[in-house]
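Report on the following structure.
Computation of the quantities below employed the complete heavy-atom set of this structure, encompassing side-chain atoms and omitting hydrogens, waters and symmetry-equivalent molecules. Every number for a ligand or one of its atoms is a count from 1 in the order of the listing. Index from 1, following the sequence. As the structure is a prediction and not an experimental result, all values here were calculated from the model.
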Amino acid sequence: MDRIRWGLRSHAEENREYLKIVSHPEYHCPSKPASFRGAIGEYFKRMHEVELGLAKAISKILGYEETYIEKEFKLEVGFDVSAMNLYPPSFQSKGSIGVPEHADPGFFVSLIQDVNGGLQMLTHKGNWVTVNIPRNAIFINLGDHLEILSNGKYKSHIHQVILDNNEVNRISMATLHGPSLDIFVAPASRFIDESHPPTYRGMTYKESLELNGSDEIDVQSSLSLLRIPFSL
Ligand SMILES: O=C(O)CCC(=O)C(=O)O
Ligand SMILES: [Fe+2]
């Protein structure tokens with residue numbers, strides 16, 4: 001399996017250049033430039049601490065003991081992939097879409113950027129809202145597997161990136177923090193009863209990443225394939 005992947009997309013549906021690396025449980029990175037490993041490695045180490053803090057807080061909000069999500073997702077060996085994106089690719093896009101609408105798999109996504117603007121979220125009313133991320137802030141977006149675990153109580157939000165006619169050059173770094181690849185994720189018992197049947201089928205994180213035909217490092221959502229069709 002690839003642990004580092006470079007890609008260049010420049011067509012009507014997607015316009016970005018990216019570097020994806022598996023950042024946890026093993027940290028992979030290009031050997032050049034030499035300063036990359038230390039700087040980004042320190043960021044991932046600290047982000048893992050933030051992840052454990054968020055896992056504790058969300059576990060408590062869901063009514064479980066604070067180590068619930070950490071254990072349930074086996075976060076000490078959680079599978080994290082970081083995507084470093086450059087928009088537009090080579091400063092020339094072939095359309096207005098940087099990344100088409102999608103949700104991300106995993107527990108949550110942490111995102112940092114150098115320039116504000118471009119990222120949009122779809123609201124529950126069906127409107128696109130531009131995300132304003134204050135300078136030096138880390139944006140957190142929940143992922144598919146928290147939606148599955150909570151049987152739909154928490155939503156994995158659909159988002160997209162829109163480009164500004166090649167006028168703005170933006171770099172973002174989106175890290176998808178996931179469960180361990182061997183962990184079977186299914187709706188938790190607390191969220192299932194007669195009036196709330198399971199809305200998603202369970203499978204391991206690895207299987208769900210491969211369900212749509214992608215590789216693990218692509219970390220593409222397969223939530224629509226995991227939803228159990230509603231029946232009367
Ligand atoms: O660049 C962004 O703002 C978002 C990128 C993104 O959604 C992704 O890499 O999954
Ligand atoms: Fe995303």
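- Excluding waters, the set of protein N, O or S atoms lying under 2.8 Å from the Fe ion (ligand 2) comprises His102 NE2, Asp104 OD2, His159 NE2.
- Using a 4.0 Å cut-off between charged side-chain N and carboxylate O, Glu14 and Arg9 make a salt bridge.
- Tyr154 is not listed as a side-chain neighbour of Glu147, based on a closest heavy-atom distance of 4.5 Å or more.
- Stacking of Arg190 on the aromatic ring of Tyr68 is not recorded, the 6.0 Å distance cut-off and the 45° axial limit not both being met.
- For ligand 1, residues of the protein lying within 4.0 angstrom by heavy-atom distance are Arg16, Asn85, Tyr87, His102, Asp104, Leu111, Leu119, His159, Val161, Arg170, Ser172, Ala174.
- In summary, Lys74 and Glu76 do not engage in a salt bridge, as defined by a charged side-chain N under 4.0 Å from a carboxylate O.
- Put simply, the side chain of Tyr27 gets close to the backbone of Gly41: a donor and an acceptor are under 3.5 Å apart.
- Close placement of the His145 and Tyr205 rings is indicated, their centers lying within 6.0 Å of each other.
- Taking the charged nitrogens against the carboxylate oxygens, Asp218 and Arg5 do have a contact shorter than 4.0 Å, which makes a salt bridge.
- Between His24 and His48, the ring-plane angle classifies as parallel under the 30° and 60° cut-offs.
- Note on Glu49 versus Lys45: no salt bridge recorded, every NZ/NE/NH1/NH2 to OD/OE distance being 4.0 Å or above.
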